[in-house]
Amino acid sequence: ATYTPDPSEAGTVVTLTLTSDAGTGCPSVSDQINITIDQLATVNAGPSINTCIDGVANLNGIVGGGAIGGIWTGGVGAFTPSNTSLNVIYTPAMSEVNSTVTLTLTAIMDIGNVCPVPFDQLDLIIEDVPSANAGIDQSVCFGGSVSLNGSLGGGAVTATWSSSGD
């Protein structure tokens, strides 16, 4: 025989009784078994995050069901206050610049819970600090023009020139 718990029984203990038929001149007998029905755990690490190498990423993990907590892993940066807090600040390590770091939130299960341990991941895209160099100061005669030779660096992709004069 097979017993399949009803979803409403999650997190409870169900007692099943097996009773024999009565033999000739004998009474029926029975025995019981308790089945603990553990809750499935859920984990949500949150969406992907973009940050600068000199910034931080606020991680806001969520666990539910049979999970009693979570643990963050991945990357070589630092988790503050600790990697066992659901809501932590991740500070990237300098070696993670211009990379995508996958951070994993894994459920911490109650002792004895036989359900699979779930996890969820998010990508942390770590950009270099943007830089802009407008070039050296120049002089021009009225009516003339100057060549602008600005450059971008770090995580900068585009730039816009603007004027403080008319």
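Looking only at distances, a side-chain donor or acceptor of D38 sits under 3.5 Å from a matching main-chain atom of V114. T106 places no side-chain N or O within donor-acceptor distance of the main-chain N or O of F119, the cut-off being under 3.5 Å. Counting only distance, with no hydrogens or angles, the side chain of Q121 and the backbone of A45 share no donor-acceptor pair below 3.5 Å.
Between D120 and G46, the shortest heavy-atom contact is OD2-N, 4.1 Å. Contact record, D123 with T102: OD1-OG1, 3.0 Å, taken as the closest heavy-atom pair. Of all heavy-atom pairs between A93 and I53, the closest is O-CD1, 3.1 Å. Residues L152 and A159 come closest through the heavy atom pair CD2-CB, 3.6 Å. Considering every non-hydrogen atom in both P116 and L40, the closest pair reads CD-CD2, 4.4 Å. Between V88 and P81, the shortest heavy-atom distance links the atoms CG1-CD, 4.3 Å.
In the hydrophobic clustering of this structure, V117 does not group with L103; members are Ile, Leu, Val, Met, Phe, Trp, Tyr whose side-chain heavy atoms approach within less than 4.5 Å, directly or through other members. Hydrophobic clustering of Ile, Leu, Val, Met, Phe, Trp and Tyr side chains at less than 4.5 Å, counting indirect connections, keeps I71 apart from V101. Under the 4.5 Å side-chain contact rule for hydrophobic residues, L124 and M94 share a cluster. Note: the hydrophobic cluster containing V146 also contains W161 (ILVMFWY, side chain heavy atoms under 4.5 Å, direct or indirect links). Cluster membership check: V129 shares its hydrophobic cluster with V97, using side-chain heavy-atom separations under 4.5 Å among Ile, Leu, Val, Met, Phe, Trp and Tyr.
Atom OG1 of T80 is separated from atom CD1 of I89 by 6.5 Å, given to the nearest 0.5 angstrom. In this structure, T12 OG1 and I37 CD1 are separated by 4.5 Å, a value rounded to the nearest 0.5 Å. In this structure, CG on N58 lies 7.5 Å from CD1 on I49, to the nearest 0.5 angstrom.
With a 4.5 Å cut-off on side-chain heavy atoms, P92 and T51 count as touching. The side-chain heavy atoms of L105 and L86, taken from C-beta on, include a pair separated by under 4.5 Å. With a 4.5 Å cut-off on side-chain heavy atoms, L122 and L59 count as touching. With a 4.5 Å cut-off on side-chain heavy atoms, C52 and D128 do not count as touching.
For Q39, there are no side chain to side chain donor-acceptor pair (under 3.5 Å) partners, not counting sequence neighbours.
In this model, no donor atom of one side chain and acceptor atom of the other lie less than 3.5 Å apart for D21 and S28. Under 3.5 Å, the side chains of S82 and T84 contain a donor-acceptor pair of N or O atoms.
Residues in residues 88-111 take part in these ring-ring contact (aromatic ring centres under 6.0 Å, His included) pairs, two or more places apart or across chains: F79-Y90. Under the ring-ring contact (aromatic ring centres under 6.0 Å, His included) criterion, no residue pair touches residues 1-38, with sequence neighbours excluded.
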